[in-house]
Amino acid sequence: MSSAAWTAWEGADPVRPPAGPLLSVRDLQVRFVTRDRTVHAVNGVSFDLDAGQTLGLVGESGSGKSVTSLALLGLLPRRTAQIPAGEVRFADEDLLHAPESRLRQVRGNDVAMVFQDPMTSLNPVLTVGRQLTETLRTHLAMDKQQARDAAADLLDRVGIPDPRRRLREYPHQFSGGMRQRVMIAMAIACRPRVLIADEPTTALDVTIQAQILELLRGLVETERMGLLLITHDLGVVAGVCERTAVMYAGRIVETGPTADLFARPRHPYTLGLLRSVPRLDAGSDLPLAPIPGSPRDLTDAPSACAFAPRCAYATDESRERLPVLTPVDGDRDHLVACWNPVSDAQRVSSA
Amino acid sequence: MLPYIARRLALVVPVLFVTSLVVFLFVRALPGGPAIALLGERATPEAIAAFERAQGLDRPLYAQYGSYLRNVLSGDLGVSTRSRQPVAEELLQRFPATVELTLAAILIAVLVGVPLGFVAAKRYQGPLDQASLVGSLIGISFPVFFLGLLLKYVFAIRLDWFPTTGRYDITSSLDTRTNFLVLDALLAGDGAALADVLLHLVLPAVALATIPLAIIARITRAATLDVLDEDYVRTARAKGLRGAIVDRRHVFANALLPVVTVVGLQTGLLLTGAVLTETVFSWNGVGSWIVEAISYRDYAVLQGGILFFVLVVVLVNLLVDISYAFLNPRIRFR
Ligand SMILES: Nc1ncnc2c1ncn2[C@@H]1O[C@H](COP(=O)(O)OP(=O)(O)O)[C@@H](O)[C@H]1O
Ligand SMILES: [Mg+2]
């Protein structure tokens, strides 16, 4: 970590304190329109992310987590994806209406991404070194040698031994866990202020998962990055995230400090999620029970609670009107979008 | 890499051995024989018997094949029954014409087909994509022979833009030393001769290139569409790379892999096409040589010519496999 290149790299981006939250998303909507159908993938998502903070975005597969994250950087397929409403502000700059040339400067430099499958997310015909240095050279105007030195330092930092040799190797010569480390090294290369990790451990086995999460947590701490950690695994959120947002059918149905949300889930869907995962930590007395039914078809924009058909707590109102996020018991930090939230008494008796 | 090449080269020997046997039997299975073809239908049985004895055709097949194989191994491909010239000599004379023609055709097919397929994929379902789809369907379904005649009629006879037949203006003073005429003209530093040779090459090369071009364009398009959906392309965009760099470094480099394989598979087709194209344009290559040899039942020429085609197909595919490994590290570093 003490080489000249690393020092140069370290001085590259002076940290300015932003006025508002680092990343702020308001009422984001995304739909995919093709000739034969429309998919309402994201239907009004709002959240904030501060420097040094980790926000977990959880939900079953298909709930719109990946689409949300890709929308932030304008990475959705241009032919079919539409963003009819919403706001994405990064350091007080509107990203949703920024020109492509500006977005290119932000991508990989200010806001970086790590994707789910490290087997397919790296280009098989380029060396790992090439893929690392191209990011550095694009954003930090390094020459070849500087970029190679910095790339070796990066591999070292994410815990890959013998970095200089590994730079000359191709992705297929790395194991799954090592590839995900490479992805992370690529993402943090330009010291981004926000890191979006979309299911970064889903494709890995359990021991490797823990190592990768530990690595991410360490990076958030040392770099003071904001981390948006997307996962369908509540176990991952519990270990890493200060705050959690639960997503269902393209909307956030409950959000709050992770500890609070886990201890007092208000939305029946959150409760269902918590019950459907085996928890290793002590103190869990809830029996394991998968949520019945399947996720809502996204052909129409939501006009009622999307979870109502699967919900034991649903009321007539749930089936008619769209619930919005409201504070739980006046707690402005813990919000739930539900007409009939689960009370403490109900939660205990249902268990 | 080297052991890989050695292993592939070692495979060439049994392939050539088997095909030589198949070709040997095949030409002898043709109805009639060289005696009747040369001496005519009304030749006396005595004359035919005498001819066959002189040619050694009265011996049992295995004995004929045995001596054929021995001769081939010592570089002797036999003598043409029609021209009485050594087949090896004629082959050396003619193969540059075929190589030049097929190279020109494959160059056209790749240089036009690959960019066309790539751009069509980038403009998926746009007007250019639709047009190239229709165009390549027409290209694939047009018989080479007919296309050759059509091109010749329109561009050589009617419009008179190109010469109708042959490889160069025989009244010119071009020294056909290597018989690769483009090369000869370059070696001579003769610009006029080069232009003349290239003009002669255009129509046959275009006729021969049409089908491979259409196929290569289709494959490139399909491969590009596949690659555009790959996660690593999304990664490249998420890094903030410029679109042109994403296209070139991440999309194109990967889309090329299946295309390279197809180019190899096309060689056989291309040589078949060359037989027809050479006939239409009186191109003195191996293809027209084989066609003539069939009507004369010229066994030695047929065997030599077809074996040459097989050798070309085998070598080109070896080359393709090597370049595939070169482009694809997953094979190179196994
Ligand atoms: N390119 C696309 N075209 C059409 N529908 C899409 C596209 N990408 C995602 N979707 C749909 O949007 C919904 C949300 O997908 P996604 O965000 O990937 O879910 P998650 O990441 O939460 O598993 C799904 O129903 C999915 O089928
Ligand atoms: Mg996803």
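Order of the sequence lines fixes the chain letters, A, B, ..., with proteins taken first and strands second; residue numbering starts at 1 for each chain. We use all heavy atoms of the structure for the numbers below, so side chains are in, but hydrogens, waters and symmetry mates are not.
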Open item on the list: If I measure from the heavy atoms of chain A, does B:Leu327 come under 4.5 Å with its side chain, its backbone, both, or neither?
Closed with: backbone
- [ ] Identify which part of A:Thr138 has an atom lying under 4.5 Å from any heavy atom of chain B, answering side chain, backbone, both or neither.
- [x] side chain
- [ ] Heavy-atom distances under 4.5 Å only: say whether A:Ile196 touches chain B with side chain, backbone, both or neither.
- [x] neither
Task: Considering all heavy atoms, the nearest A:His172-B:Pro329 contact - done: CE1-O, 3.2 Å
Task: Between A:Leu126, A:Thr127, A:Leu73, the one whose heavy-atom pairs under 4.5 Å with chain B are most numerous - done: A:Leu126
Task: Verdict with supporting geometry, B:Asp231 and A:Leu122, side chain to side chain contact (heavy atoms under 4.5 Å, CB included) - done: CA-CA 8 Å; B:Asp231 289 347; A:Leu122 290 165; over 6 Å; no
TODO: With rounding to the nearest 0.5 Å, note down the distance linking OG1 in B:Thr235 to CG in A:Asp117.
DONE: 10.0 Å
Task: A:Met119 versus chain B, the contacting section by heavy-atom distance below 4.5 Å - done: neither
Open item on the list: Please check: side-chain N/O of A:His139 versus main-chain N/O of B:Leu241, any donor-acceptor pairing under 3.5 Å?
Closed with: no
Open item on the list: Working to the nearest 0.5 angstrom, can you tell me the gap between A:Tyr170 OH and B:Arg330 CZ?
Closed with: 11.0 Å
Task: Stacked cation flag A:Arg79 on B:Tyr124, 6.0 angstrom / 45 deg - done: no
Task: Best-contacting candidate, A:Met113, A:Glu134, A:Met186, against chain B by heavy atom pairs under 4.5 angstrom - done: A:Glu134
Open item on the list: Would you say that B:Arg234 contacts A:Leu70 through its side chain, given a criterion of any heavy-atom pair below 4.5 Å between the two side chains?
Closed with: yes
Task: Proximal component of A:Leu75, with respect to chain B [non-hydrogen, under 4.5 Å] - done: both
- [ ] Keeping the roles fixed (side chain from A:Ser121, backbone from B:Tyr232), state whether a donor-acceptor pair exists under 3.5 Å.
- [x] no
Task: Donor-acceptor side-chain pairing of B:His250 and A:Gln131 below 3.5 angstrom - done: no
Open item on the list: If we define contacts as heavy-atom pairs under 4.5 Å, which of B:Gln125, B:Arg242, B:Glu230 has the most with chain A?
Closed with: B:Arg242
Task: Interchain contact, A:Glu169 with chain B, by part (heavy-atom threshold 4.5 Å) - done: neither
- [ ] Evaluate whether atom CZ of A:Arg102 has more than 12 neighbouring non-hydrogen atoms of other residues, nucleotides or ligands under 6.0 angstrom away.
- [x] yes
